[in-house]
Engineer: 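A single structure is presented below for examination.
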Amino acid sequence: MRRVNAEAHEVAPLPGSLPRRLAVPAGILGAVAASFAYVAAVDPNEPGHYPACPLFRYTGLYCPGCGGLRSAYAVAHGDLGAALGANAVAVLGYLVCAALWTVWVVRAARGRPLRIDPGPALRWAAGALLLVFTVVRNLPFGGWLHP
């Protein structure tokens with residue numbers, strides 16, 4: 001077993017004042033909030049507002065993102081059941097992004113950089129989850145996963 005020198009992995013604190021360190025996370029939050037506000041105002045359930053999924057249009061197959069806008073619309077209106085019904089993986093993605101953003105803000109407030117380094121096992125698991133979700137939602141018994 002290899003020993004790791006803890007001091008060699010120390011990370012220098014981020015330079016700048018607290019407002020400066022929080023500027024980028026705040027900007028990202030503003031962009032995400034504006035996006036969700038737009039989707040909340042312009043209903044994706046009404047035809048003609050958003051382009052159709054090209055994979056579904058030309059093949060009739062649901063991609064992992066199909067139903068994502070309807071899911072975001074439901075989340076913005078506080079309807080978790082409808083959001084999960086439209087695209088459960090998208091809801092999981094919203095939660096993961098919110099958790100990562102929160103960790104980012106806390107680390108930035110403490111003057112530490114955010115390091116996201118998912119190992120190969122986590123990357124393979126996420127890819128497998130998306131693949132299984134996509135395949136199952138396109139099989140006859142996976143109709144409950146259709147948007």
Side-chain angles (χ1 to χ4, degrees), residues 4-59 61-138 142-147:
V4 177
N5 184 356
E7 291 146 10
H9 294 288
E10 291 286 322
V11 176
L14 294 173
S17 64
L18 180 63
R20 186 176 179 100
R21 291 191 311 258
L22 295 178
V24 174
I28 297 295
L29 177 63
V32 170
S35 299
F36 268 84
Y38 180 80
V39 171
V42 181
D43 188 356
N45 295 303
E46 297 292 324
H49 293 296
Y50 299 98
C53 172
L55 181 68
F56 182 74
R57 172 182 271 167
Y58 296 116
T59 67
L61 297 173
Y62 295 108
C63 76
C66 281
L69 282 174
R70 288 184 288 268
S71 177
Y73 178 83
V75 166
H77 287 274
D79 189 353
L80 186 59
L84 288 168
N87 190 324
V89 171
V91 175
L92 177 64
Y94 306 150
L95 294 173
V96 168
C97 286
L100 287 173
W101 182 86
T102 303
V103 169
W104 184 18
V105 168
V106 169
R107 290 191 59 84
R110 293 180 179 169
R112 297 285 178 213
L114 177 64
R115 284 191 177 185
I116 301 173
D117 186 20
L122 184 58
R123 291 192 304 263
W124 278 101
L129 172 72
L130 284 176
L131 180 65
V132 168
F133 176 71
T134 304
V135 169
V136 170
R137 78 188 315 203
N138 285 293
W144 57 280
L145 290 175
H146 291 177

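Worth knowing before you read on, the calculation uses all heavy atoms, side chains too, and leaves out hydrogens, waters and symmetry mates. Positions are given from 1, in the same order as the sequence printed here.
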Engineer: Quick one: does any side-chain atom of S71 pair with a main-chain N or O of G67 as donor and acceptor, under 3.5 Å?
Structural biologist: no

Engineer: Considering non-hydrogen atoms only, spot the tightest contact between L100 and L114 and give its length.
Structural biologist: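 Taking every non-hydrogen atom into account, O-CD2, 4.5 Å.
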
Engineer: Taking the six-membered ring for Trp, are the ring centroids of F36 and Y94 within less than 6.0 Å of each other?
Structural biologist: yes

Engineer: Has R112 got a side-chain atom pairing as donor or acceptor with R107's backbone, closer than 3.5 angstrom?
Structural biologist: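 No; zero donor-acceptor contacts below 3.5 Å.
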
Engineer: In Å and rounded to the nearest 0.5 Å, what is the CH2 to CG distance from W124 to L129?
Structural biologist: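 The CH2 atom of W124 sits 14.5 Å away from the CG atom of L129.
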
Engineer: Do the side chains of V39 and V75 get nearer than 4.5 Å, heavy atoms only?
Structural biologist: no

Engineer: So if I apply the side-chain contact (heavy atoms from CB on, under 4.5 Å) rule between W104 and each of I28, L29, I116, L22, which one comes out positive?
Structural biologist: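 In the set I28, L29, I116, L22, the residue that makes a side-chain contact (heavy atoms from CB on, under 4.5 Å) with W104 is I28.
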
Engineer: Of all heavy-atom pairs between N87 and R137, which one has the smallest distance, and what is that distance?
Structural biologist: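 The pair with the smallest heavy-atom distance is ND2-NH1, 4.0 Å.
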
Engineer: Report the C-alpha distance between L61 and F56 in whole Å, list the side-chain angles of each, state the deciding distance to 0.1 Å, and finish with yes or no for side chain to side chain contact (heavy atoms under 4.5 Å, CB included).
Structural biologist: CA-CA 5 Å; L61 297 173; F56 182 74; 6.0 Å; no

Engineer: With heavy-atom distances below 4.5 Å as the criterion, would you say the side chains of P64 and V89 are in contact?
Structural biologist: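 The answer is no, as the side chains (C-beta and beyond) never meet within the 4.5 Å cut-off.
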
Engineer: Which heavy atom in W101 sits nearest to a heavy atom in P25, and how many Å separate them?
Structural biologist: NE1-O, 2.9 Å

Engineer: So with a 6.0 Å cut-off around CZ of R123, is the heavy-atom count from everything else above 12?
Structural biologist: yes

Engineer: Going by ring pair (Phe, Tyr, Trp, His ring centres under 6.0 Å), name the residues that satisfy it together with Y50, two or more places apart in sequence or in a different chain.
Structural biologist: none

Engineer: Identify the two heavy atoms, one from H49 and one from D43, that lie closest to each other, and give their separation to 0.1 Å.
Structural biologist: CD2-O, 3.4 Å

Engineer: Show, in sequence, the C-alpha distance, side-chain angles and deciding distance for N45 and Y73, and conclude whether the side chain to side chain contact (heavy atoms under 4.5 Å, CB included) test is met.
Structural biologist: CA-CA 9 Å; N45 295 303; Y73 178 83; 3.9 Å; yes

Engineer: Report the distance from atom SG of C53 to atom CG of L69, rounding to the nearest 0.5 Å.
Structural biologist: 10.5 Å

Engineer: Would you say the side-chain atoms of R21 pair up with the backbone N or O of A109, donor to acceptor, closer than 3.5 Å?
Structural biologist: yes

Engineer: Please check this pair: side chain of D79 against backbone of A74, looking for a donor-acceptor N/O pair closer than 3.5 Å.
Structural biologist: no

